[in-house]
Amino acid sequence: MDTQLLKTFLEVSRLRNFGKAAESLCVSPSTVSARIRQLEAQLGLSLFSRGHHHIGLTPAGERMERHARFLLDAWERAYEDTALSERHQRRLVVAGVASLWDIFLQDWLATIYRAYPTLGVRAEESTPLRVVEKLERNMVDVGFLYDTPRISGVGVEEVATIPLVMVSSQPDRSAEQAVGEGYIRVEWGTAFASIHESSFPQRQLARGRVNSGRIALGLLLECGGAAYLPQDIVAPWCDRQRLFVVKDAPVIELKAYVAYHWHGEHRELIGELIEHLG
């Protein structure tokens, strides 16, 4: 299948507009229309419902959207593996949830990048669901998450304990006050959610809900409020008295895990690299 058809399909799906998709892809609207018609003809299905001022995905289009992303990812990896230069004898694909890149994965990546000059690296920041899906489809070699995925043939090791502390933009706030108006709920995973619910059963629904510690930190600094964030990340802001630890709020410890295929071609290399996490 022509990958251009899939890329065009995903762009129309994202923008819901043939003209805007054409601009984004630097082609004419007629080319976009022709590619979509060709893809629909190959599948024997309609992927888009076309109204007067609206383009939407059909049920078949919704199913195709997910597969198209994985097909393009698989093709890109196949190309990279096939086109490895003599200098880059091996290639490793690493995926991790956003906050772990902020906490320790960025430093780890820099360490192995320097230590293994013949290793080609592709690094991705992903949602937990995407990391698990790509591990299942063997599209990443190593995944870093807060929850332990249960995937056949994939081993999981604990690599870090990350203390989360509640911080507020105002000093001397109690935990009860902090989880009230202005509280930002960060989705740190199922383990965190369980402890959080038991610690604050009577809290009101948070106005802000985010899945990134980086987003929550930016909101706190710009708009005020309170949130649970990694201790190491908020420490500099607490030192500058931009944020304040809510002293009577419990510290919630998260476990970070690395997952990789037990019988993958890079298993020995991955074992070496994990040692660099310290």
Side-chain angles (χ1 to χ4, degrees), residues 62-63 65-78 80-81 90-109 111-112 119-164 185-198 209-216 228-230 232-233 252-278:
E62 291 175 355
R63 293 191 296 272
E65 186 176 31
R66 179 181 174 188
H67 292 297
R69 296 186 192 283
F70 280 112
L71 285 168
L72 286 175
D73 286 343
W75 168 253
E76 188 168 352
R77 179 164 185 187
E80 289 175 348
D81 286 344
R90 294 174 292 184
R91 178 170 294 277
L92 199 72
V93 182
V94 180
V97 297
S99 55
L100 289 181
W101 284 107
D102 296 336
I103 297 167
F104 67 82
L105 285 183
Q106 187 67 51
D107 291 338
W108 173 75
L109 181 64
T111 298
I112 66 171
L119 176 66
V121 178
R122 179 176 176 183
E124 302 176 359
E125 183 179 286
S126 298
T127 64
L129 179 60
R130 287 280 285 167
V131 175
V132 172
E133 287 179 338
K134 288 193 171 188
L135 279 167
E136 286 180 319
R137 295 179 179 234
N138 206 24
M139 295 175 66
V140 299
D141 299 302
V142 188
F144 291 90
L145 313 99
Y146 288 114
D147 294 317
T148 56
R150 291 174 174 81
I151 306 171
S152 176
V154 170
V156 179
E157 296 180 28
E158 181 183 323
V159 291
T161 299
I162 300 164
L164 301 178
R185 172 66 181 270
V186 188
E187 304 296 350
W188 291 111
T190 55
F192 170 82
S194 177
I195 299 172
H196 190 275
E197 303 308 314
S198 62
R209 297 178 74 94
V210 301
N211 66 354
S212 163
R214 189 185 309 142
I215 295 174
Y228 264 102
L229 292 169
D232 289 348
I233 288 179
I252 300 179
E253 290 190 338
L254 290 185
K255 303 294 185 182
Y257 300 91
V258 59
Y260 58 94
H261 292 272
W262 283 120
H263 304 295
E265 60 178 313
H266 300 308
R267 61 189 181 280
E268 293 183 3
L269 171 64
I270 291 169
E272 292 179 26
L273 299 181
I274 291 173
E275 292 180 5
H276 287 280
L277 286 168

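The figures here come from the full heavy-atom set of this structure, side chains too, leaving out hydrogens, waters and symmetry mates.
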Task: Greater than 12 external heavy atoms within 6.0 Å of Glu268's CD - done: no
- [ ] Please check if the side chain of His276 supplies one atom and the backbone of Leu109 the other of a donor-acceptor pair under 3.5 Å.
- [x] no
Task: Under 3.5 Å donor-acceptor, Thr111 side chain and Asp107 backbone - done: yes
Looking at [X] and [Y], what are the two nearest heavy atoms and their distance?
{"X": "Val186", "Y": "Ala216", "answer": "CG2-CB, 3.6 Å"}
{"X": "Ser126", "Y": "Val131", "answer": "CB-CG2, 3.7 Å"}
{"X": "Asp102", "Y": "Arg214", "answer": "OD1-NH2, 2.8 Å"}
{"X": "Leu145", "Y": "Pro128", "answer": "CD2-O, 3.7 Å"}

Gap separating the [atom1] atom of [X] from the [atom2] atom of [Y], nearest 0.5 angstrom:
{"X": "Thr148", "Y": "Tyr257", "atom1": "OG1", "atom2": "OH", "value": "6.0 Å"}
{"X": "Leu164", "Y": "Ile103", "atom1": "CG", "atom2": "CD1", "value": "7.0 Å"}
{"X": "His261", "Y": "Glu136", "atom1": "NE2", "atom2": "CD", "value": "9.0 Å"}
{"X": "Arg130", "Y": "Met139", "atom1": "CZ", "atom2": "CE", "value": "7.0 Å"}
{"X": "Asp141", "Y": "Arg267", "atom1": "CG", "atom2": "CZ", "value": "12.5 Å"}

Any side-chain heavy-atom pair of [X] and [Y] under 4.5 Å:
{"X": "Glu124", "Y": "Trp101", "result": "no"}
{"X": "Trp108", "Y": "Val94", "result": "yes"}
{"X": "Glu187", "Y": "Phe192", "result": "no"}
{"X": "Leu277", "Y": "Phe144", "result": "yes"}
{"X": "Ile270", "Y": "Leu92", "result": "yes"}
{"X": "Asp147", "Y": "Trp188", "result": "no"}
{"X": "Leu273", "Y": "Leu119", "result": "yes"}

Open item on the list: For Glu253, give me all partners under salt bridge (charged side-chain N to carboxylate O under 4.0 Å, His left out), at least two apart in sequence or on another chain.
Closed with: none
For residues 150-162, please give each side-chain donor-acceptor pair under 3.5 Å, one per line with the distance, not counting sequence neighbours.
unit_1	atom_1	unit_2	atom_2	d
Glu157	OE2	Tyr260	OH	2.6
Thr161	OG1	Lys255	NZ	3.1

Task: Step-by-step side chain to side chain contact (heavy atoms under 4.5 Å, CB included) determination, Lys134 to Phe70 - done: CA-CA 8 Å; Lys134 288 193 171 188; Phe70 280 112; 3.8 Å; yes
- [ ] Salt-bridge test for Arg69 and Glu133: reply yes if a basic N is under 4.0 Å from a carboxylate O, no otherwise.
- [x] no
